[in-house]
Structure formats: structure tokens, C-alpha cells
Amino acid sequence: MSAFKSVYPSKNRIQHDGGKNNKFERSIIADNESPDCANVRFSNGGVGTRGGSSKLNTAAIGSFVGDGLYTRHASDGSQTMVAFAGGTMWTLGGTSFTAVASGTSVFTAGVRVSAVEYENHMFIGNGGVIPYKYNGSAFTRHGVYPPTATSTVASQATGVLTGDYIYKVTYRNAILAESDVGPVTATFAAASATARISAIPVAPTSFGVGSRRLYRTAAGGSTFKLVTTIADNTTTTFDDNVADASLGANAPTDNGVPPMYSIACYHQNRLFVNDPSQPNLIWYSELGEPYTFKSTNFIPMGDATSDLVKSIQVMENNLLVTCASTPFMVYMPTTDSSDWVVTRVQSPFGTKSPYGFFAFNKNIMFPAVQNEKFVGFAAINGIGIQPSATFLTVSTAGSLLQSEPIEPDMFLVQETYLGNISSIVFQNIAYIALTYDTGNTTNNRIYTYDFSIDNVSKKQKAAWSPDTGINPAQFTIYNGSLYFISSTATGFVYRYETTSYNDDGAAINSYFWTKEFSADNDDGGASFKDFRYVKALIDLAGAYFMNFVHRVDSDKGDGNTVAIDLDPGSNLWGTLVWGRDNWGGGQDQRDERIYLGSDRGERIQFKFSNQNRADQRFKSHGMKFYFNTKGWR
């Protein structure tokens with residue numbers, strides 16, 4: 001590199017796709033990383049302002065925080081957005097939400113709601129009430145609960161019954177799943193009689209019962225067998241004249257209901273749920289039947305003291321169960337539970353965040369807790385933790401945490417609200433909502449984890465960046481777009497990553513600081529330089545300005561600001577002014593030469609921003625800078 005007219009880098013451009021790295025000094029991080037950035041996205045080696053957010057519903061869902069947001073997918077391909085707020089379930093129609101009548105005030109306001117889909121139903125629980133299911137119209141109990149009332153039996157007429165008989169009733173839902181039997185009747189002593197069973201229990205509408213079954217013993221027997229199926233939920237009497245030899249199948253003896261779960265997961269044609277009353281157990285439904293949970297269908301996890309179940313996820317063909325201190329993998333070679341094997345994952349981390357998990361590149365990322373303290377985000381691969389490496393100019397720093405580059409930020413995540421962390425993957429970017437910084441009690445920041453950027457830079461496997469100015473409680477993808485429900489008591493759902501560059505009218509504070517460049521050879525020192533100019537390839541985004549800032553030698557001040565005109569210069573017929581404007585369609589991008597004035601020093605740093613103004617954006621596709629070397633100082 002010559003002393004005069006030097007350029008850095010000598011080939012190509014400095015890329016801006018490395019994401020935030022404030023773990024290490026700004027002078028030693030990788031060239032494409034940033035010690036400080038916010039509200040940006042990375043693509044093709046460049047960096048630019050993220051999309052905005054806008055209200056979906058024109059009227060608020062009351063003055064409620066969001067307790068859950070999901071999308072129900074019907075078997076005909078249609079979708080329904082389902083929101084939970086104020087203890088009530090709401091569904092979207094156009095731009096307004098309507099309360100589901102039977103789902104009003106069912107849940108506890110302020111408590112997160114879990115939902116999972118299977119068999120054209122959404123199964124819903126929050127850990128404090130009986131769980132429910134929703135099929136797009138009917139909102140009814142998840143499990144099939146047995147009758148609690150007792151029928152009466154008396155002689156109606158002559159018939160075939162002779163001996164002592166007792167009866168029981170079961171409920172069946174619309175999918176023909178059956179409950180356990182209800183209370184037994186008094187013994188009916190028959191002598192060539194027809195028995196009339198009266199006061200047959202009728203289930204409340206919320207039970208979702210479509211039919212009932214009547215069982216009885218043979219004369220003097222103890223095994224209950226099917227007498228008849230009553231194909232409605234209204235009839236209260238039945239005349240029994242069925243001979244003992246004509247009785248049908250035995251009554252069920254272990255058709256239990258799910259616990260009042262707060263976490264649910266679908267895998268291998270079963271539902272897997274937790275049990276807040278026995279928090280070291282995972283319960284699972286019968287194969288191909290998500291309504292029945294037998295008394296033997298459970299897997300013990302953790303220590304039943306402090307290492308309790310916090311999350312259930314699917315990883316490849318296995319089940320990942322993460323407790324407060326320990327993750328476990330349930331190896332499932334077949335659907336037969338007798339073949340399942342529980343293995344402890346080789347990890348020093350547990351979790352406290354049921355909704356913070358997401359899958360990427362054959363890994364499962366999760367909010368990690370060690371010794372009861374939140375330490376960042378770790379990724380499980382197979383039965384071990386996937387190591388991460390931070391690339392520096394002179395070495396590689398390894399870590400078991402994928403969030404190592406933003407460790408200082410992770411230490412500001414509020415421990416009390418780890419259960420509110422919520423994650424989703426959309427277009428190869430993970431969005432993680434959390435409660436950040438002292439004094440905050442609701443989710444007030446998103447961290448994006450872009451795991452697709454290594455296709456360009458080849459320096460990092462992924463890039464972290466914070467989004468500020470928004471309050472997401474939970475995300476969903478609905479009809480191909482990303483949405484979140486507010487964690488504050490506004491009662492609004494927002495579309496995220498819109499093509500407008502404002503958050504419901506407010507400015508997006510979008511900026512990207514580069515590292516601090518010395519542009520020296522590895523000769524043990526830093527030379528004094530006369531910095532001349534920068535050439536940056538930028539988008540000509542609109543008839544407004546972006547800011548470019550430069551400062552030297554680890555200055556903590558605001559630096560020197562240059563406003564760059566982003567007007568693409570497009571003036572078409574009917575809009576141009578003769579003698580002033582240029583005819584044509586304008587440009588999409590421009591190699592902008594930005595002079596650095598009197599900047600002199602050993603190191604230099606740059607910042608791109610949208611001026612923190614609504615409806616403005618910036619994008620830099622890369623840059624290089626020019627300087628003269630003045631010698632050693």
C-alpha cells in the first residue's frame with residue numbers, strides 16, 4: 001500500500017452484513033460487523049432500513065395486552081387469525097376482531113395462551129383453566145369429560161331382563177372420541193322386565209358432546225357393556241330390552257382428559273402437553289386421537305423440584321423437552337411409546353421461556369439459562385449444543401452461545417419477564433421479542449437473527465440486530481405476512497415489515513455504525529493518516545436525504561455529518577419543469593463520493609442513517625475509503 005492515494009480495501013468493498021458485535025472493541029471486530037446498529041436489515045452484503053409496522057384492526061380489542069396471537073389453518077386452505085386478549089378469544093374478519101361468544105372470559109387476562117393445530121382443530125390452554133379446542137366455528141372443551149349426574153332406572157314393561165343390573169353413561173364429541181363412564185346407577189332388580197333409564201345426563205354446550213352411550217352389566221355381572229348409542233345430546237330417557245347376549249363392546253376404563261396445560265406440541269399423530277399440577281411430567285394423547293389422555297401416557301422429566309418442564313419442541317423426528325436447568329431429547333424411532341428413549345442433551349443450559357424457541361438450519365435456538373440466570377441464546381444440534389465463533393481480525397473466539405457478539409445486550413434482558421420472550425421465523429430471519437433494560441415490564445424490543453447472510457460475506461454464520469420502537473407480545477404469519485399483537489394495553493395487532501418506513505406513523509430510528517478502521521498492514525502499529533473521501537454504493541430511495549457520519553480515533557461524539565441527497569432524479573412527462581429538471585426515469589443506485597474534510601488520525605469510523613425521520617430509508621451496498629499515509633505518531 002503506497003503512502004499516497006491509498007484505498008481500503010484494495011479490492012472489492014467493505015460489506016455491511018455482519019450484524020451487531022458490541023462484545024469486543026470496535027477496532028478489532030470484523031470489517032463487516034457493527035459495534036452499534038438498530039432497525040436495519042442485511043441483504044447481498046449491504047445494510048438498510050427495516051420495513052415499518054401498521055395497525056391491522058381499525059378498532060382496539062379493548063384496553064388489553066396481547067396474551068396470544070395465532071393463525072388457524074383450515075383443511076380447505078383458508079386461514080383465520082386468532083387473538084387472545086382480556087381473557088377472551090377473538091377472530092379476525094376484515095380489519096376488525098370479533099369475540100368468540102363461547103370463548104368470552106374463559107381465560108385469565110394477562111396470562112399467555114398456548115395453541116397448537118391438529119385434525120383441523122386448534123387446541124388451546126393457558127395453564128389455569130380447562131383447555132379448549134376450536135374448529136373455526138365451535139369453541140368447546142379439548143378433552144371429553146364424563147357425566148357427573150346419575151341416571152335412575154325403573155321397570156317400564158315386560159321384557160327380557162331378569163336379574164340385577166346397573167348402568168353408566170359416557171359422552172362422545174363430534175369426532176366420536178369417548179369419555180370415561182359417569183356415576184353408576186342404583187341396582188335395578190328385574191323380573192322379565194324392560195328397564196326405563198331416566199334422567200340420562202345432558203352435557204353443557206361447552207363440552208362439545210354430539211352423542212352419548214349407555215352401558216350396563218349382564219345380570220349379576222360387573223363388566224359394563226354397550227347397550228345403545230344415543231345419537232344426540234338432548235334425549236333423557238331410554239327403554240332397555242336388550243338381552244345379555246346381545247350387549248356390545250366393553251365400556252372404556254381409562255379415557256382421561258388432558259391436564260390444564262400451558263404448553264402444547266403436535267408430533268407423530270399425538271399431542272404432547274405439560275402439566276402445571278405435576279410440572280415434571282409430559283403427557284401425550286392416544287395415537288391418532290388428540291382428545292384422550294390415558295393415565296399411563298406420561299414421561300417424567302427433570303427432578304420434580306426445580307428442574308421443571310418449560311418447553312416442548314419438535315426436532316427432526318424427536319421431541320425436545322427443555323427444563324429449567326436441563327434439555328432432554330425423546331428419541332422416537334416409531335410411534336409406539338414403548339420404543340421411545342429419553343436422552344439428556346449435552347448442554348449446560350436450561351430455559352424459562354416456553355415461547356422463545358425457533359428452528360433454523362437443523363438447529364433449535366432457545367433462550368438459555370445457566371444457574372438460574374439468563375445468559376443469551378444457544379442452539380441445540382442433535383444431542384449437543386452447537387458452538388458459535390466470533391471472527392476477529394487476529395483470532396477466532398469460540399462460545400456455546402450464538403448470541404456471544406451481543407452479550408452486553410443480553411445482560412440487559414429483564415430476568416423477571418423471560419417467560420414473555422416470543423420468537424418466530426419469517427423469510428429466513430428469526431424475530432425474537434423480549435423485555436429489555438431496567439424498569440421495563442413488557443416486551444419492548446426485537447432482536448433479529450439473520451441466518452442467511454453467510455451466502456455473501458462468508459465471515460459469520462448469522463447476523464444480530466435490534467429493532468426498537470415496537471412492543472410485540474407474540475407473532476404469527478397470516479396469509480404470507482408477519483404480524484404481532486401488542487404487549488401494551490392498546491388492543492391492537494400490527495403488520496410488521498411493511499413497505500412503508502414508519503411505525504404506525506412514527507419515525508424509525510435506523511442506523512448502522514461501521515467498525516473503526518485502521519487500514520494498516522499487520523506491522524505492529526498504526527500510522528497517522530490524512531483521510532480523503534469515501535465511495536459508497538447507495539440506494540437512491542426518494543426525494544429526501546440520508547446522513548453519513550465520520551469520526552476518528554475512537555471519538556465518542558457525534559462526529560461530522562454529511563447529508564446525502566437520495567433523489568433518484570426521475571422526472572417524467574407531466575411532472576418535470578423545463579430548464580430545471582432532467583428528463584428520464586432516474587437511477588436506482590449511485591456510487592456516492594463523500595469527502596471527509598480535515599479528518600486526520602490513526603483510525604476512522606462511519607455511520608449511515610435515515611435521519612430518524614418517518615417514511616425515509618437508507619441502504620448502503622458497501623463502501624471503500626481513500627487516504628494518504630503521513631507516517632507514525
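Reckoned from all heavy atoms, side chains included, excluding hydrogens, waters and symmetry mates. Numbers for residues simply follow the sequence, beginning at 1.
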ask   = Hey, is the main chain of G127 close enough, under 3.5 Å, to the side chain of S262 for a donor-acceptor pair?
value = no
request  = Carefully, step by step, assess R172 and S211 under the rule side chain to side chain donor-acceptor pair (under 3.5 Å).
outcome  = CA-CA 5 Å; R172 294 203 305 171; S211 60; 3.2 Å; yes
key: Backbone N/O of P472 and side chain of N443: donor-acceptor pair under 3.5 Å   = yes
ask   = Got L320 and I380 here, is their nearest side-chain heavy-atom distance under 4.5 Å?
value = yes
inquiry  = Quick check for you: to the nearest 0.5 Å, what is the distance between Y261 atom OH and L271 atom CG?
reply    = 7.0 Å
ask   = Taking all atoms of both residues into account, what is the closest heavy-atom pair of L214 and F238, and its distance?
value = CD2-CD2, 3.6 Å
query = Looking only at atom types and distance, does a side-chain atom of Q474 sit under 3.5 Å from a main-chain N or O of I485, one as donor and one as acceptor?
reply = no
inquiry  = What I'd like to find out is whether the side chain of P276 reaches to under 4.5 Å of the side chain of N274, using heavy atoms alone.
reply    = yes
request  = Find out whether H121 and Y134 are in side-chain contact, i.e. whether some heavy atom of one side chain is under 4.5 Å from a heavy atom of the other.
outcome  = no
D275/W283 under side chain to side chain donor-acceptor pair (under 3.5 Å): CA gap, chis, key distance, verdict = CA-CA 7 Å; D275 184 353; W283 292 89; 3.1 Å; yes
task = Mind listing the closest non-hydrogen atom pair of L69 and A83 along with its distance?
result = CD1-CB, 3.9 Å
query = Quick one: ring-ring contact (aromatic ring centres under 6.0 Å, His included) pairs with a partner in residues 319-342, sequence neighbours left out?
reply = F272-W340, Y284-W340
key: Atom pair CD1/OH of I424 and Y431 - distance to nearest 0.5 Å   = 10.0 Å
task = Find the distance between CZ (F139) and CD1 (I124) and round it off to the nearest 0.5 Å.
result = 5.0 Å
message = Would you call the rings of F358 and Y449 parallel, tilted or perpendicular, taking 30° and 60° as the class edges?
response = tilted
Taking every non-hydrogen atom, the tightest pair across D254 and K294 = O-CG, 3.2 Å
inquiry  = Once you measure the plane-to-plane angle for F451 and F360, does it fall in the parallel (<30°), tilted (30-60°) or perpendicular (>60°) bin?
reply    = tilted
inquiry  = In this structure, is the centre-to-centre distance between the rings of F374 and F349 below 6.0 Å?
reply    = no
request  = Report yes or no: is the cationic atom of K168 (NZ for Lys, CZ for Arg) under 6.0 Å from the centre of the six-membered ring of Y215, at an angle within 45° of the ring normal?
outcome  = no
key: Trace of the side chain to side chain donor-acceptor pair (under 3.5 Å) decision for D336 with T334   = CA-CA 5 Å; D336 185 345; T334 71; 5.3 Å; no
task = Please test T158 against S192 for side chain to side chain contact (heavy atoms under 4.5 Å, CB included), starting from the C-alpha separation and ending with a verdict.
result = CA-CA 6 Å; T158 58; S192 299; 5.7 Å; no
message = Are the side chains of V330 and N318 in contact, using a 4.5 Å heavy-atom criterion?
response = no
inquiry  = Please check this pair: side chain of T476 against backbone of Y478, looking for a donor-acceptor N/O pair closer than 3.5 Å.
reply    = no
query = Is any side-chain heavy atom of E119 less than 4.5 Å from a side-chain heavy atom of I175?
reply = yes
inquiry  = Measuring only between side-chain heavy atoms, which start at C-beta, is I282 closer than 4.5 Å to I312?
reply    = yes
query = Got a sec, which residues hit salt bridge (charged side-chain N to carboxylate O under 4.0 Å, His left out) with R344, two or more places apart in sequence or on another chain?
reply = none
ask   = Should the ring pair F484 and F475 be called parallel, tilted or perpendicular, given that the plane angle runs from 0 to 90° and is split at 30 and 60?
value = perpendicular
request  = Give a yes or no on whether the backbone of S500 and the side-chain of T498 come within a donor-acceptor separation of less than 3.5 Å.
outcome  = yes
ask   = Given side chains that start at C-beta, do those of R495 and L482 come closer than 4.5 Å, heavy atoms only?
value = no
Mutual orientation of the aromatic rings belonging to H142 and F293 [parallel < 30°, tilted 30-60°, perpendicular > 60°] = perpendicular
Residue pairs, two or more places apart or on separate chains, that pass salt bridge (Lys or Arg N to Asp or Glu O under 4.0 Å) and touch residues 213-232 = E178-R213, R212-D232, R216-D240, R216-D244
ask   = Which heavy atom of R141 sits nearest a heavy atom of K133, and at what distance?
value = O-NZ, 2.6 Å
ask   = Can you tell me how far the OG atom of S452 sits from the CD1 atom of I429, to the nearest 0.5 Å?
value = 6.0 Å
message = Quick one, Y291 with E286, criterion side chain to side chain donor-acceptor pair (under 3.5 Å). Give me CA distance, side-chain angles, the key distance, then yes/no.
response = CA-CA 8 Å; Y291 312 98; E286 285 292 274; over 6 Å; no
ask   = Between N440 and T442, is there a donor-acceptor pair closer than 3.5 Å when you use the side chain of the first and the backbone of the second?
value = no
Donor-acceptor contact present, side-chain N241 to main-chain V160, <3.5 Å = yes
query = When you measure from the side chain of E117 to the backbone N and O of N120, does any donor-acceptor pair fall under 3.5 Å?
reply = no
request  = Return yes if some donor-acceptor pair links the side-chain N/O of S486 with the main-chain N/O of T488 below 3.5 Å, else return no.
outcome  = yes
Closest non-hydrogen atom pair, S353 against L418 = OG-O, 2.8 Å
query = Distance only, no hydrogens: is a donor on one side chain within 3.5 Å (strictly under) of an acceptor on the other, for N255 and S179?
reply = no
query = Is D504 paired with K55 through a side-chain N to carboxylate O contact shorter than 4.0 Å?
reply = yes
message = Using side chain to side chain contact (heavy atoms under 4.5 Å, CB included), reason through T236 and V202 one step at a time and then give a plain yes or no.
response = CA-CA 7 Å; T236 58; V202 174; 3.8 Å; yes
task = Look up atom CZ in F492 and atom CG in N471, then write down how far apart they are to the nearest 0.5 Å.
result = 13.5 Å
Contact summary for L281 and F298, nearest pair of heavy atoms = CD2-CD1, 3.8 Å
ask   = Relative to the ring of F84, is the ring of F107 parallel (under 30°), tilted (30 to 60°) or perpendicular (over 60°)?
value = perpendicular
key: Those residues that, when tested against N363, pass side-chain hydrogen bond (donor to acceptor under 3.5 Å, both in side chains) (two or more places apart)   = N381
query = Under 4.0 Å between a Lys/Arg side-chain N and an Asp/Glu carboxylate O for D239 and R196?
reply = yes
task = Using only heavy-atom distances, determine whether the side chains of Y70 and R72 contain a donor-acceptor pair under 3.5 Å.
result = no
query = Would you find a donor on one side and an acceptor on the other, under 3.5 Å apart, between the side chain of T71 and the backbone of I477?
reply = yes
message = Within the structure provided, determine whether I230 and I200 are in side-chain contact (heavy-atom separation under 4.5 Å).
response = yes
Pairwise side-chain hydrogen bond (donor to acceptor under 3.5 Å, both in side chains) hits with a residue in residues 85-109, at least two apart = none
request  = First locate atom CG of N233, then atom CG of N173, and finally report the distance between them rounded to the nearest 0.5 Å.
outcome  = 11.5 Å
ask   = If you count the non-hydrogen atoms of other residues, nucleotides and ligands that lie under 6.0 Å from CD in E415, is the total more than 12?
value = yes
remark   = For residues 299-310, the side-chain hydrogen bond (donor to acceptor under 3.5 Å, both in side chains) pairs (sequence neighbours left out) are D307-T326
